[in-house]
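So the structure is just underneath, and the comments pick up after that.
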Amino acid sequence: MSDVWDELQWRGLVAHSTDEVALREALASGPVTFYVGFDPTAPSLHVGHLVQVLTARRLQQAGHRPLALVGGATGLIGDPRPTAERTMNDPETVAGWVGRLQAQIAPFLDFDGPAAATMVNNLDWTQGLSAIEFLRDVGKHFSVNRMLDREAVATRLASTGISYTEFSYVLLQSNDYLQLSRLHGCALQLGGSDQWGNITAGCELIRRVDGAHVHALATPLLTKADGTKFGKTESGAVWLDPELTSPYAFFQFWLNAEDATVAGYLRAFSFRGREEIEDLARQAAEAPAARAAQRALAHDVTALVHGEDTARAVEAASQALFGRSDLAALDERTLRDSLAELPSAQASVADVEVVDLFVAAGLAPSRSAARRTIKEGGAYVSNVKVDAEDARLADFPLLHGRYAVLRRGRKALASVRLAP
RNA sequence: GGCGGGUUGCCCGAGCGGCCAAUGGGAGCUGACUGUAAAUCAGUCGUCGUAAGACUACGGAGGUUCGAAUCCUUCACCCGCCA
């Protein structure tokens, strides 16, 4: 466990930390119990959360003991965003999401052995807390003056305003750290760098109340090459839940990583060793067109999240669908398996308009949009360019008598199956 | 409490009685180049429609007018200045 700090540093996972020397020494000298928290604000985590989940896994592999917190209480309140007040979700919804997030996080951690992980929920120590206790025991240690200086709060005060509810969020998260430090001996909180203020507020509360010195570690917010937010596609966030983002789309997201960022993503997300990653980075620099680093990244992350078998299947599908121009050369089984990964449309007769198929398969939002795509020369049926706006499925050869691959532009694919 | 300014399409932001589905920028989409990369350049970008055209839209409601995003009334919200 001696080199985990260097490891995290090298992987670019340390954006901020409390006293580096002390933290490094603590991590090197024995098991440290640490916590990382996620608020149930949606039914699934997305790839942005993955950095923290995987960093927790790395720490556990180095012998440290994780407490995975899903915020059944904080999820009812909402961490202030700089933009606007959050809409409150009702308690039943949040409780349902807690269960889903817990199930999603669990596979990444080991719940047995000497560094066994523990799943915790801040509702356990928060729901019985009275307002008076909370204000006296927690609130008294917070200075409103300092809370007003926090970036998200200041932005909100200058724009849309902020409710007392959200303003109080930091007290709850700080109290979580205090409770976990007492209940479990937790001495390190891990979080995204957007959580830095909340995390250090917890460290300070613990110091004031219990006189103990605990640590904080923030992972950086990853960005794309142009500086925009990582983890969003035109169709929204990239979710870990396969129902929300198909494993195929998930794989494609990583495969499309930009050259400029792929090495950093490999360090942050892949569990490959340093030499191997440096070798892939070298390949990416010398032969970018081969995209070996992107392939490794997409495989690794998909395998971590969806399992090795699924990763292989979507990788094979990607290769089949992108690898050659002659789809007809694929045997039926490979084709069928590949198409199963794509969004799909059913057709009962070959007489349907291609335009309607594009809409049905989700490749175009409306008939007009689909027609526009054809007009722009960006629509294909089984790799044959569609050049008539009123083209019908029957104008194109079917693959194995009943399949067709729809394509919009270079990357957006869908399948059509002609019902018997 | 008083006075003034504002609310436009996914976002920013022009328009200030007909030529406005609405200038421009960004995002998005397509094409060229290339490598399922980035950058660049070009096209496109409310809905339906092959088209002609129809419909919906400029904070909400009502009104004036042959005709309104543009004028009037009113309601809501935001932002300044003065108390």
Side-chain angles (χ1 to χ4, degrees), chain A residues 81-85 155-163 222-238 246-266 280-299 301-302 314-325 327 338 341-343 352-356 358-381 383 385-392 395 405-414:
Chain A
R81 287 183 293 201
T83 46
E85 192 81 5
T155 310
R156 288 281 295 279
L157 284 172
S159 57
T160 57
I162 182 170
S163 69
L222 296 179
T223 55
K224 297 199 284 188
D226 59 3
T228 57
K229 217 180 302 174
F230 158 83
K232 297 270 183 195
T233 63
E234 36 325 330
S235 44
V238 179
S246 75
Y248 169 80
F250 188 86
F251 181 88
Q252 286 288 323
F253 167 76
W254 295 101
L255 190 66
N256 280 298
E258 299 154 343
D259 291 346
T261 51
V262 68
Y265 291 172
L266 268 174
L280 284 165
R282 203 173 308 119
Q283 289 182 48
E286 286 166 8
R291 301 164 75 252
Q294 276 92 339
R295 283 177 216 288
L297 174 71
H299 171 87
V301 187
T302 307
V314 296
E315 192 168 15
S318 294
Q319 256 162 27
L321 296 168
F322 280 102
R324 65 193 93 189
S325 54
L327 287 166
S338 302
E341 309 296 339
L342 302 176
V352 288
E353 284 191 71
V354 169
V355 163
D356 287 319
F358 269 65
V359 175
L363 285 184
S366 70
R367 282 173 54 90
S368 303
R371 205 173 293 113
R372 194 182 309 132
T373 300
I374 293 174
K375 221 181 299 180
E376 292 169 335
Y380 298 81
V381 173
N383 285 347
K385 190 178 205 161
V386 181
D387 43 28
E389 288 177 46
D390 58 355
R392 287 162 192 277
D395 301 336
V405 178
L406 306 180
R407 175 155 66 90
R408 193 201 69 226
R410 278 178 295 177
K411 293 190 264 190
L413 295 172

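Here is how names work: the chains are called A, B, and so on, in the same order as the sequence lines, proteins then strands, and each is numbered from 1.
- A:Y265 has its OH atom 11 Å from the P atom of B:A38, to the nearest Å.
- The base of B:G43 sits within donor-acceptor range of the side chain of A:E376, with an N or O pair under 3.5 Å.
- Following rounding to the nearest Å, A:K375 (NZ) and B:A42 (P) show an atom-to-atom distance of 21 Å.
- Note on A:T373: nothing from the nucleic acid sits closer than 4.0 angstrom, heavy atoms only.
- Straight-line distance between the P atoms of B:A76 and B:U23: roughly 33 Å, to the nearest whole Å.
- Of all nucleotides listed (B:C48, B:A37, B:G49), B:A37 comes nearest to the side chain of A:D259.
- Distance, A:R372 CZ to B:U30 P: 12 Å, rounded to whole Å.
- A heavy-atom distance below 4.5 Å is found between the side chains of A:L406 and A:V381.
- In this structure, A:Q283 atom CD and B:G35 atom P are separated by 18 Å, rounded to whole Å.
- The base-pairing partner of B:C81, taking Watson-Crick or G-U wobble contacts with both distances under 3.5 Å, is B:G2.
- Spacing between atom CD of A:E353 and atom C1' of B:C48 amounts to 13 Å, rounded to whole angstrom units.
- At the heavy-atom level, A:D390 lies nowhere under 4.0 Å from the strands shown.
- Within 4.0 Å (heavy atoms only), A:R291 reaches at least one base atom of the nucleic acid.
- Atom CZ of A:R367 and atom C1' of B:G46 are 17 Å apart (whole Å).
- Across all strands shown, B:C71 forms a Watson-Crick or G-U wobble pair with B:G63, both key distances being under 3.5 Å.
- For A:R408, taking side-chain heavy atoms from C-beta onward, the closest of the listed nucleotides B:U36, B:C29, B:C48 is B:C29.
- Here B:U40 sits opposite B:A32 as a Watson-Crick or G-U wobble pair (both hydrogen-bonding atom distances under 3.5 Å).
- The side chain of A:S368 places an N or O atom within less than 4.0 Å of a non-bridging phosphate oxygen (OP1 or OP2) of B:C48.
- You'll find the side chain of A:L255 reaches within 4.5 Å of the side chain of A:R291, heavy atoms only.
- What separates NZ of A:K411 from C1' of B:G35 is a distance of 11 Å, to the nearest Å.
- Across the strands present, B:G24 finds its partner in B:C12; the criterion is a Watson-Crick or G-U wobble pair with both atom distances under 3.5 angstrom.
- Among the nucleotides B:G49, B:C29, B:U34, the one closest to any side-chain atom of A:R410 is B:U34.
- If you check B:G49, B:A38, B:U47 against the side chain of A:R371, the one that comes closest is B:G49.
- One can place CD of A:Q252 at 10 Å from P of B:A37, the figure rounded to the nearest angstrom.
- Under the 4.5 Å side-chain criterion, counting only non-hydrogen atoms from C-beta, A:T302 is not in contact with A:E315.
- Contact annotation: the side chain of A:Q294 approaches that of A:D259 to within less than 4.5 Å [non-hydrogen atoms, C-beta and beyond].
- When Watson-Crick and G-U wobble pairs are counted only if both distances are under 3.5 Å, B:A76 pairs with B:U7.
- Without hydrogens or angle criteria, A:R372 side chain to A:I374 main chain gives no donor-acceptor distance under 3.5 Å.
- For the OP1/OP2 pair of B:A37 and a distance below 4.0 Å, the side-chain nitrogens and oxygens of A:T261 include no atom meeting the criterion.
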